Every structure is written in structure tokens, then in C-alpha cells.
Amino acid sequence: LVEHHIEECKFAIEQNKSAKKYTKMRLPGEVNSGFDDYGAIMRDGGKTIYFISRRSNTTGGGMNPDDQRFFEDTYKVTWSEEEEEWIEATNQMGKINSDGFDALNYVSPDGLLGVLTLNTTALDIKKTTKGSDIAEIKMSDKGTWNSPKIIKNKTINTSFFEGSATLTADGNTMYFVSDRKGAKSSTDIYMVEKNGKKWGEAEPLPMHVNTKGRETTPYITPDGRFLFYSSNGLTGMGGLDVYVVENLGDTWGEPVNLGAGINSVNNDTHFFYNAELNKAFISGYEIVRKKASVDIYEIDMTGFSLTK
């Protein structure tokens, strides 16, 4: 453990010697709240963002007894050209949010299908989720979300934590996080493919992508070629760093740390990349007016290439 932290220090020093190619901008407007805000998903050509927040107006107003913070809800904001900021933050979008944890992790290209992480185990109700489960949700004809339906596949949802799903554009390959082997390797990333209309058998990614540490918040590019994810089991800047790894078909390439300017000495998670707009979102800590909470940042990715 000590050796790992020494390697992180050496890596961070080397990274900071070179000029930072990218800078983070804290999103203006109603996205960041002073509570934890994270997991931005860009929609509508950059005019809409879905994100996750643990702010005080969460559905049901309940708090998680484990950490005494409000439960997660999914929110949506729209970009105002006039005000040059994100406005009209709302968690009123149909039946997407419950009194428990509700985190939208993926929206299909046509905007009609979403995938969420649900957890109602802390609620005093008769029927709860097994742990944190992955569910699908569909957009209604009225433009609001219908009730989520937990995926019935024993290799996807177990009694352990499952969540943070990301899909390829065709909807046929899904990557998600599970701690079902937590005694050996904390949280790992799993992949599962569709067989017709049903999901097949989920398998963990190989152990040079996964580690004995924590892997979380994956994002797969629409074509399925590159996987971004956060890990604290590889040499990085400190805490969770964002890495990218290439899908070579029969195998995976070596994970590449995205470096200073994107990663910091704190936990950097929920990386979302839009190549067409040369933009990315990332979630992390920053002390604002003596208060620290998780915030969402935008990164100008102009000049970034996955094939260098």
C-alpha cells in the first residue's frame, strides 16, 4: 500500500512537470448545488444534461441512514444561450425517481431508453431491491419516463451491488460495476451482450483492466471501441483516476491514464465523452467557499485523440 502511494506521488510529479493540455470548468448555473452532484449525461446536441444529485429536494425527502445524506435522484437541466448557464433543474420527469436511490447512467441515442441504478433497501417498504440493481426505463409518448423495470438476469443483478451501466449505441453490449467478488477485488467492471432480446451471461473484464482495487463509473464509446473508467488500483495521480482502454476484439489493450488536467489527486469519476462536440464531463471535489462537495466539470477536449 505504501509503495503504491509512492508510485502515485512519482507519477503525479512527472505529470505536473508537463504542460496541462486540458482544463476543467465548473458547470455554471443550477447543476452544482453544494450537495453532491455527479454523473452528467449530455443530450440534445449539448442542450440538455441529465445528472445525479443528493440535494435536499430529493423525492420523498429521505436520508440514507448509513451516511446521513439525502438519497440520490436524477435531475435534468437545459442550457440557456441568453443566460449562458444551465437552468431549470428538475427531478420531475415522470416516474424515474423513487423515495430511494435513483441514478440514471445511460440514455440511448434516440432518447427513448434509459438504464438506471436503483436501491431501495434502506426504505421501510415491503418490496425492495436486492441491493443496488440495474433497471431499464422507457420514455412515454407524453415525453416523461415510465416506471423502471429491474433487469431479470441472475448474472447481471445479484444480492450484491450492481450499477453504473453504460451501453454501446446499438444497445447490444453493456458494461456495469459489481462488488460480487469484493473480498478479492473490491468493485470490478463486467460486460454482457444481448442474445436476441435477452441479456446473456455477464463476465468480468480481464485483470489487467480490473484490479484488486476499485473500478467504477465506466463509459463506453458508442462504437464500442474505447472504454473509459475510474480506478484506484493502477498507478495514477491519487485516489480514483480516469483511464481509457481499447477493445481489440479478442483482447483488451493496456489502460492509459488520461493525465493531469483531467485527473487530480482526489477522486475523479463519471467521465462522459462526446467526440462530436469535443467535450467531456467529469465529477470530482473542489473546495468552494470553505465547503467541499462533489461537483460536475466540463473539459474542452479539442485535440484529444484516442488513436495516438
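The model shown is predicted, which means the values in this text are computed figures rather than measured ones.
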Of all heavy-atom pairs between [X] and [Y], which one has the smallest distance, and what is that distance?
X	Y	result
Thr235	Tyr243	O-OH, 2.9 Å
Gly100	Asp73	O-OD1, 4.4 Å
Leu248	Trp252	CD1-C, 4.1 Å
Pro148	Leu118	CB-CD1, 3.8 Å

According to salt bridge (Lys or Arg N to Asp or Glu O under 4.0 Å), does anything in residues 93-114 pair up with another residue at least two apart or in another chain? List the pairs.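 For residues 93-114, and leaving out neighbouring residues, there are no salt bridge (Lys or Arg N to Asp or Glu O under 4.0 Å) pairs at all.
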
Would Thr173 and Leu167 count as a side-chain contact (heavy atoms from CB on, under 4.5 Å) here? Give the steps. CA-CA 6 Å; Thr173 306; Leu167 280 73; over 6 Å; no

Would you find a donor on one side and an acceptor on the other, under 3.5 Å apart, between the side chain of Asn32 and the backbone of Ile296?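 Pair found, side chain donor or acceptor close to backbone of Ile296.
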
Quick one: does any side-chain atom of Asn232 pair with a main-chain N or O of Arg214 as donor and acceptor, under 3.5 Å?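 Yes.
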
Electrostatic pair Arg55-Asp37, nearest N-O below 4.0 angstrom: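 Salt bridge flag = yes for Asp37 with Arg55.
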
Output all residues satisfying salt bridge (Lys or Arg N to Asp or Glu O under 4.0 Å) with Lys24, sequence neighbours left out; order by chain, then residue number.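 If we apply the salt bridge (Lys or Arg N to Asp or Glu O under 4.0 Å) test to Lys24, skipping adjacent residues, the hits are Asp268.
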
Does Met191 form a side-chain contact (heavy atoms from CB on, under 4.5 Å) with Leu205? I'd like the steps, not just the answer. CA-CA 7 Å; Met191 180 181 75; Leu205 295 188; 3.9 Å; yes

Testing the 3.5 Å rule here: is there a donor-acceptor pair between the side chains of [X] and [Y]?
X	Y	answer
Asn263	Asn257	yes
Glu201	Thr155	no
Asp133	Thr129	no
Thr269	Asn267	no
Tyr50	Asn105	no
Glu162	Thr158	yes
Asn91	Asn97	no
Tyr38	Glu72	yes

Taking the six-membered ring for Trp and the full ring for Phe, Tyr or His, determine whether the centres of Phe271 and Tyr219 are under 6.0 Å apart. no

So, for Tyr273 and Phe228, is the gap between ring centers shorter than 6.0 Å?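 For Tyr273 and Phe228, the ring centres are under 6.0 Å apart.
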
Side-chain donor-acceptor contacts of residues 60-67 below 3.5 Å, not counting sequence neighbours, with atom names and distances?
residue	atom	partner	partner atom	Å
Asn64	OD1	Asp66	N	3.4
Asn64	ND2	Asp67	OD1	3.4
Asp67	OD1	Arg54	NH2	3.2
Asp67	OD1	Arg69	N	3.0
Asp67	OD2	Arg54	NH1	3.1
Asp67	OD2	Arg54	NH2	3.2
Asp67	OD2	Arg69	NE	3.4
Asp67	OD2	Arg69	NH2	3.2

So for atom CD, which belongs to Glu276, do other residues, nucleotides or ligands contribute more than 12 heavy atoms lying within a distance under 6.0 Å?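 Check fails, neighbour count at 12 or below.
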
Over 12 non-hydrogen atoms of neighbours within 6.0 angstrom of CG in Asp124: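 Open.
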
Between Trp79 and Lys47, is there a cation-pi geometry (under 6.0 Å to ring centre, at most 45° from the normal)?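 Not satisfied by the 6.0 Å and 45° rule.
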
For His270 and Phe281: C-alpha separation, side-chain torsions, deciding distance, then whether side-chain contact (heavy atoms from CB on, under 4.5 Å) applies. CA-CA 7 Å; His270 297 86; Phe281 293 126; over 6 Å; no

Separation between [atom1] of [X] and [atom2] of [Y], rounded to the nearest 0.5 Å:
X	Y	atom1	atom2	value
Leu227	Thr166	CG	OG1	7.5 Å
Ser164	Ile134	OG	CD1	8.0 Å
Phe160	Lys130	CZ	NZ	12.0 Å
Ser108	Asp170	OG	CG	11.5 Å

Trp86/Leu27 under side-chain contact (heavy atoms from CB on, under 4.5 Å): CA gap, chis, key distance, verdict: CA-CA 8 Å; Trp86 296 97; Leu27 290 185; 3.9 Å; yes

Find out if a path of hydrophobic residues (ILVMFWY) with successive side-chain heavy-atom gaps under 4.5 Å connects Ile87 to Met42. no

